[in-house]
Amino acid sequence: MNPSPFLPGTEPALYDTAALQALDSAHYLHPFTDFKSLSATGSRFIVRGEGIYIWDSNGNKIIDGMSGLWNVNLGYRRVELADAAYRQMLELPFYNSFFQTSNIPAAKLAASIAGVAPDHMRRVFYCNSGSEANDTIVRMVRRYWDLKNQPQRKTIISRHNAYHGSTVAGASLSGMSGMHAQGDLPIPGIVHIGQPYHFENGAGMTPEAFGLHAAGWLEEKILELGPEKVAAFIGEPVQGAGGVIIPPSTYWPEIQRICDHYGILLISDEVICGFGRLGSWFGCQHFGTRPDLIAFAKGVTSGYFPLGGVIIGDRVADVLIESGGEFNHGFTYSGHPVGCALALENIRILQEEGVVDQVRTETAPHLARQFHKLADHPIVAITEALGMVAGLVLAPSPQTRFDPADEVGMICRRHCFENGVIMRAVGDRMIIAPPLVISPQQIDEMIALIRRCLDLTHVELRARGLI
Ligand SMILES: Cc1ncc(COP(=O)(O)O)c(C=O)c1O
């Protein structure tokens, strides 16, 4: 018999954390987790959210500097989103789109997404997550080239340190060595080139020169493989899980030129950047590329419901549609009416409240100004910010780096958690992606907390003799 997780007769905000932790470690295997070490420490339970704040089961209030997992873009407790889901659940909780049937929210949402996507992208294929979106893209790209009578064009080029999901194809497209080491990945037909990380790989080059240089790795790979064998290139406009790697301004235009030159498809994985995160509806619009396929998920529902999909440009859609023949792919929950109704409401709010414009013109510039002030901290080597993402590198000095084995990012992350702000650690990079609705005052509050946690990290690193 499991112990009850609730203390009898107490306020709903008070929980028996130890009992919850026991329940959790007895039964729940978490994603991307060392099961053994988590069961030794116990999980932290998040029990409530409102706006940019979340509360844990011990009553601590925390600024969610990561918008959940880059997705709670409108913040927590938006009643309109919950209402939209509730109303749709009563009206029609589910029907499939397989056998020449459809549902109203799915059709309306596809039109709504087409309305904010680049002009040449007018069709939407639904699934439930970013990983499924990228799996769908792999199948769609191969189908496209088969229909074009070029079945030898199979290879998709991705990048090291990219993240495109955790299904077999998603993990293969991802460029994470830890993921590839488990399960003999990547699958055949997926190869990787270097990432446009100027701080790490661009020594001696200006960011602009490095951007062209890094894009050149794509051309080198295409020529090495044989252009007639290359199907597509995939990239996140800004690499998220890889540590908020913001490419130099020259990078994406040169990637577009190379894709055009060799006739290969360009895939923009907008699972993080889509729906306003960079201050544009899609990241490709910020960087000026013209993708053939866009993967989306996360922010389409502000994370209130699992929904993902692919936006398909005319070049691919025309072939898929005009050729006829069934595309043998889809999911039970493709076009789920509840998720689609909720996403429609999410997009309506983004539009009517002018959230994307507000990010671009007001809050993102404020975030950048305030975040860059952290560059004067003794353990910060660089700061970078774009839209509602930002990252800094922890280092003993601008010229030296910490030993990865010392896991300084995890030390800093712990101080953040314990002091009321969520930052994510990716090696020695500390990153944030706050809700798009964060106000300038709340940005100041968040930055002040981050500075305090950097101070605490500094003290601990000194005490451990790491600086
Ligand atoms: C760029 C990108 N693509 C794909 C995914 C996978 O999405 P999901 O976790 O919904 O499968 C993620 C998740 O973080 C992501 O950041």
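Order of appearance sets the numbers: ligands from 1, and atoms from 1 within every ligand.
Atoms of ligand 1 lying under 4.0 Å from any heavy atom of Ser131, numbered from 1 in the order shown and given with element: 6 (C), 7 (O), 8 (P), 11 (O). In summary, the atoms of ligand 1 found under 4.0 Å from a heavy atom of His164, numbered by their order in the structure, are 3 (N), 4 (C). Against a heavy-atom cut-off of under 4.0 Å, Ile272 is close to the following atoms of ligand 1: 16 (O). Counting atoms of ligand 1 from 1 in the listed order, those under 4.0 Å from a heavy atom of Glu236 are 1 (C). Atom numbering of ligand 1 starts at 1 in the shown order; those under 4.0 Å from a heavy atom of Ser129 are 10 (O), 11 (O). Close contacts between ligand 1 and Asn134 involve ligand atoms 3 (N), 4 (C) [criterion: under 4.0 Å to a heavy atom].
Scanning for ring-ring contact (aromatic ring centres under 6.0 Å, His included) contacts around Tyr163 gives an empty result, with sequence neighbours left out.
Residue Gly130 has at least one N or O atom closer than 3.5 Å to an N or O atom of ligand 1. On a distance-only criterion, Asp269 and ligand 1 share at least one N/O pair closer than 3.5 Å. Not one N or O of Trp70 is nearer than 3.5 Å to an N or O of ligand 1, by distance alone. An N or O contact shorter than 3.5 Å links Lys298 to ligand 1 by distance.
The two atoms that bring Gly276 and Val359 nearest to each other are O-CG1, 4.1 Å, heavy atoms only.
Looking at His336, its side chain never comes within 3.5 Å of a backbone N or O of Tyr126 through a donor-acceptor pair.
Under a cut-off of 6.0 angstrom, the local environment of CZ in Arg77 is sparse, with at most 12 non-hydrogen atoms contributed by other residues, nucleotides or ligands.
With hydrogens and angles left out, the side-chain atoms of Tyr144 and Arg153 include no donor and acceptor closer than 3.5 Å.
Val426 pairs with exactly one of Val244, Ile245, Ile431 by the side-chain contact (heavy atoms from CB on, under 4.5 Å) rule, that one being Ile431.
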Would you sort out whether Glu418 and Arg44 count as a salt bridge (Lys or Arg N to Asp or Glu O under 4.0 Å), showing the intermediate values?
CA-CA 11 Å; Glu418 287 171 359; Arg44 179 184 283 252; 5.4 Å; no
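Residue, atom and distance of the protein heavy atom nearest to atom 2 (C) of ligand 1 are Tyr163 O, 3.3 Å.
Taking CG of Asp314 as the reference point, atom CE of Met121 lies at 8.5 Å (rounded to 0.5 Å).
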